[in-house]
Amino acid sequence: QVQLVESGGGLVQAGGSLRLSCAASGRTFSRYTMGWFRQAPGKEREFVGSISASGGSIYYADSVKGRFTISRDNAEITVYLQMKSLKPEDTAVYYCAAKSGVYYSASAGDYAYWGQGTQVTVSS
């Protein structure tokens with residue numbers, strides 16, 4: 001069982017930066033692939049990126065590649081999403097999620113554990 005709590009969301013102007021954190025509970029955190037997703041009003045949940053259990057493999061959606069960076073600290077059982085050059089279209093509720101196993105997935109259905117989400121609003 002893994003419990004996830006996101007933080008760090010807020011209101012930022014276009015071009016600005018934010019860093020989201022996802023604190024996890026559970027001693028097996030280091031075995032989980034972690035993902036970030038987002039959901040804007042009226043839209044489906046969208047894959048942002050994922051990081052493997054070891055941190056050695058990281059994948060990003062094309063829409064955020066080059067602007068967002070995912071990292072994890074297994075000692076601190078936390079995963080981060082550093083967001084730069086934010087755009088109004090990045091406005092959404094951001095969720096972190098955990099899946100067992102080492103295989104990458106961009107599908108929300110493959111992730112068993114989810115945080116409650118944190119709102120990110122980018123003003124133009």
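Here, residue 1 is the first one in the sequence, and each next residue gets the next number. Keep in mind that this is a model prediction, so the values were computed, not measured.
Rounding to the nearest 0.5 Å places NZ of Lys84 at 12.5 Å from CG of Leu18. Atom CZ of residue Phe47 and atom OH of residue Tyr111 lie 5.5 Å apart, to the nearest 0.5 angstrom. Between atom CD of residue Glu46 and atom CZ of residue Arg38 there is a gap of 4.5 Å, rounded to the nearest 0.5 Å. Atom OG of Ser107 sits about 7.0 Å away from atom CZ of Phe37, to the nearest 0.5 Å. The line from CG of Leu11 to CD of Gln119 is 9.5 Å long, rounded to the nearest 0.5 Å. Put simply, CG on Asn74 and CE on Met34 are 9.5 Å apart, with the number rounded to the nearest 0.5 Å.
The shortest heavy-atom contact between Ala92 and Ala40 is CB-N, 3.8 Å. Nearest heavy atom pair, residue Leu81 against residue Ile70, reads CD1-CG1, 3.6 Å. Residues Asp110 and Lys99 approach most closely at O-CB, 3.4 Å, considering heavy atoms. Taking both residues in full, the closest heavy atoms of Gln116 and Leu4 are given as OE1-O, 3.8 Å, listed atom of the first, atom of the second, then distance. Across all their heavy atoms, Arg72 and Thr33 have their closest contact at NH1-CA, 4.3 Å. Smallest separation of non-hydrogen atoms from Gly115 and Tyr95: O-CD2, 3.6 Å.
Linking Ile, Leu, Val, Met, Phe, Trp and Tyr whenever their side-chain heavy atoms come within less than 4.5 Å puts Tyr60 and Leu86 in one cluster. Tracing side-chain contacts under 4.5 Å through hydrophobic residues (I, L, V, M, F, W, Y), one reaches Val64 starting from Val12; they form part of the same cluster. Hydrophobic clustering keeps Ile58 apart from Tyr104 (ILVMFWY residues linked when any side-chain heavy atoms are closer than 4.5 Å, directly or through intermediates). Under the 4.5 Å side-chain heavy-atom criterion for Ile, Leu, Val, Met, Phe, Trp and Tyr, Tyr113 and Ile77 are members of the same hydrophobic cluster.
A distance-only check finds a donor-acceptor pair linking the side chain of Ser25 to the backbone of Gln3 [under 3.5 Å]. Between the side chain of Thr78 and the backbone N or O of Ala23 there is no donor-acceptor pair closer than 3.5 Å. A distance-only check finds a donor-acceptor pair linking the side chain of Glu6 to the backbone of Gly117 [under 3.5 Å].
The aromatic rings of Tyr94 and Phe68 sit tilted relative to each other, their planes meeting at an angle between 30° and 60°.
Between Ser63 and Glu89, every side-chain heavy-atom pair lies at or beyond the 4.5 Å cut-off. You'll find the side chain of Ser100 stays beyond 4.5 Å of the side chain of Arg31, heavy atoms only. Side-chain contact between Met83 and Trp36: absent, with no pair of heavy atoms (C-beta onward) separated by less than 4.5 Å.
The environment of NZ in Lys65 is crowded: more than 12 heavy-atom neighbours from other residues, nucleotides or ligands sit within 6.0 Å.
A salt bridge does not link Lys87 with Asp90: none of the charged nitrogens is closer than 4.0 Å to a carboxylate oxygen.
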